[in-house]
Number of protein chains: 2
Amino acid sequence: MGISERREREKQELREKILEKAKEILIREGQDNLSIRNIATAIEYSPATIYLYFKDKDEIVYELMEMGFGKMTEELGDAFELPDPVERIRRIGQGYVTFGLKNPEWYDIMFNAPQPIQHLHKCQEEWGYGIQLFDFLVSTCDDAMQQNRTRKQDPRLVALHLWSTVHGLVNLSRSQRLEMVEQNHNDSLIQRTMESMLQCIFN
Amino acid sequence: MGISERREREKQELREKILEKAKEILIREGQDNLSIRNIATAIEYSPATIYLYFKDKDEIVYELMEMGFGKMTEELGDAFELPDPVERIRRIGQGYVTFGLKNPEWYDIMFNAPQPIQHLHKCQEEWGYGIQLFDFLVSTCDDAMQQNRTRKQDPRLVALHLWSTVHGLVNLSRSQRLEMVEQNHNDSLIQRTMESMLQCIFN
DNA sequence: AAATATAATGAACAGTGTTTAGTAAAGTCA
DNA sequence: TGACTTTACTAAACACTGTTCATTATATTT
């Protein structure tokens, strides 16, 4: 009988419509306006209906985080496949920061918001995308080390150094702290700082 | 006539009591529970009264940010006066990160929250404490450069590199992203990453 | 004591996430 | 087709949030 299958499909469709509208609200109105009621209005259902498709708001934000990682991975494009490890790191770093500066709402959900992590804890699951990205960075740092492009040390320390810096730069910009200490702060200052870091880590 | 002076004094006292209770709530219950109503209950006045002493909540959070800077400066202690610029940077960096990890609520208000910056915009004022700290860092980097302890370059880039990294580390820890990618993440991993950065910038 | 100036508040507004009891619709079977 | 069951949905409520404003209470001055 195809009825229960159709029902399953319809259920899936509404679930995806909720996420689609949530995404639109996030982009157009920001995280502050991403409320259950606003999503409900957008999909033309009552707020309570959303709870038949998602356990809570954390789960919706978690799904948005996954969408964000998809978007970022897409934008990073072929940077992952560059043969030279240092160039790989450079291009990934630039792409990461550019993504963060151009999509602060996405970035915030992916790397700052507590909701997705809360959801992972509730499900006892791992942060797949994050782990994947960090592990790739660690192994790329290891590649660079094998080629004597950087000092011998725990590659996780180099990876964390890199990640912290780009994360810090994006957040200092997003929180308006950078423009408070550097009036003529622009993307170039951030780019040059990144380059300064790369020059200092690799050779 | 001393009456208007006494009134002024009483007004100041209640204002400070509000901030004192706000601070207590922030420490004991976190930023999420720092609501006007909770403060009102704590000072045994109605919520509306608070608006006779502060323009809005942003102003209260701004004042807490200033308190936080006082607290941090205190904890950094004599690190500012170390004669060796690199040692100065090392100790300030360690103090900064330790403060951030031990006082996430304070740190968040000081370096992440939008409210204090919103307040500064409304008053058309500058971020005094932040500028002071960053400028000190820039000039310390300059000192190190004069002593040939680091490559010749714009000291602002080195300062921003340092700040971004420690800011990134504190935020990755605070947002639980670090423990998601490194199960046995502890303060030592962060400390070693900082040391790795210092080894790579200075000599 | 009456008039005035200051201080404080109750109640409301428009919002938030979430739960629950009850209703409407759809599917099943005689 | 009509009765029964299962599924889908929602109105209303709860306990919150920041903020404003008309009204009341208190303190000071005349």
Side-chain angles (χ1 to χ4, degrees), chain A residues 1-19 21-22 25-26 29-64 105 109 113-119 121-122, chain B residues 1-19 21-22 25-26 29-64 105 109 113-119 121-122:
Chain A
M1 45 181 72
I3 284 178
S4 63
E5 287 165 17
R6 195 210 64 207
R7 285 176 100 126
E8 189 56 43
R9 201 179 58 234
E10 283 176 354
K11 207 159 168 76
Q12 200 60 33
E13 277 170 11
L14 185 46
R15 196 188 139 93
E16 262 153 41
K17 194 175 177 186
I18 290 169
L19 291 175
K21 292 293 181 186
I25 292 170
L26 176 71
E29 307 175 49
Q31 217 184 142
D32 289 350
N33 293 103
L34 182 64
S35 71
I36 298 293
R37 280 173 178 79
N38 283 348
I39 298 171
T41 304
I43 60 168
E44 294 171 301
Y45 279 81
S46 85
T49 301
I50 291 173
Y51 288 88
L52 302 172
Y53 295 85
F54 295 90
K55 185 155 50 60
D56 50 28
K57 197 185 170 183
D58 286 358
E59 189 178 353
I60 296 175
V61 178
Y62 167 79
E63 295 288 350
L64 288 173
E105 277 87 13
I109 281 180
Q115 293 95 332
I117 304 296
Q118 286 298 104
H119 178 73
H121 282 149
K122 275 177 266 188
Chain B
M1 46 181 69
I3 285 178
S4 63
E5 286 164 18
R6 193 210 64 204
R7 285 175 100 127
E8 189 57 42
R9 199 179 60 233
E10 283 176 353
K11 212 165 165 71
Q12 200 61 33
E13 276 169 12
L14 185 46
R15 198 188 137 94
E16 262 154 41
K17 193 175 179 186
I18 291 169
L19 290 175
K21 291 294 179 185
I25 293 169
L26 176 72
E29 306 176 48
Q31 216 183 143
D32 289 349
N33 292 102
L34 183 62
S35 70
I36 298 293
R37 280 174 177 80
N38 284 347
I39 298 171
T41 304
I43 60 167
E44 295 170 299
Y45 279 81
S46 86
T49 301
I50 291 174
Y51 288 88
L52 301 173
Y53 296 85
F54 296 90
K55 186 156 52 57
D56 51 27
K57 197 185 168 181
D58 287 357
E59 189 177 352
I60 295 174
V61 178
Y62 167 80
E63 295 287 352
L64 287 173
E105 277 87 14
I109 281 181
Q115 293 95 330
I117 304 295
Q118 287 298 105
H119 179 74
H121 283 149
K122 276 176 269 189

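Proteins get letters first, then strands, A, B, ... in listed order; numbering begins at 1 in each. Owing to the predicted nature of the structure, the values given are computational and were not obtained by experimental measurement. Side chains are part of it too, since the values below use all heavy atoms of this structure and drop only hydrogens, waters and symmetry mates.
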### Message
Under 4.0 Å between a side-chain nitrogen and a carboxylate oxygen: does that hold for Lys21(B) and Glu44(B)?
### Response
no
### Protein-nucleotide distance (Glu13(A), atom CD; dA8(D), atom P), rounded to Å
14 Å
### Summary
Glu59(A) atom CD is separated from dT18(C) atom P, nearest whole Å, by 11 Å
## Note on the structure
What residues 33-41 of chain B contributes to the DNA chain C interface at heavy-atom separation below 4.0 Å is Arg37(B)
### Task
Please identify each residue that fulfils side-chain contact (heavy atoms from CB on, under 4.5 Å) with Thr41(B), with sequence neighbours left out.
none
### Message
Under the rule for side-chain contact (heavy atoms from CB on, under 4.5 Å), what residues qualify as partners of Asp32(B), not counting sequence neighbours?
### Response
none
### Task
Identify which nucleotide among dT19(D), dC9(D), dA7(C) has an atom closest to any side-chain atom of Leu52(B), counting heavy atoms from C-beta outward.
dA7(C)
Using the 3.5 Å cut-off, write out each protein N or O paired with an N or O of nucleotides 22-24 of chain D and the distance between them.
none

## Note on the structure
From the list Lys122(A), Gln118(A), Gln115(A), side chain to side chain contact (heavy atoms under 4.5 Å, CB included) with Asp56(A) holds only for Lys122(A)
### Query
How sharply is the helix from dA1(C)-dT30(D) to dA30(C)-dT1(D) bent, taking the axes over five pairs at either end and rounding to 10 degrees?
30°
### Query
Taking only N and O in the side chain of Tyr53(A), is any of them less than 4.0 Å away from OP1 or OP2 of dA8(D)?
no
### Message
Under 4.0 Å, heavy atom to any atom of DNA chain D: which of residues 42-51 of chain A qualify?
### Response
Tyr45(A), Ser46(A), Ala48(A), Thr49(A)
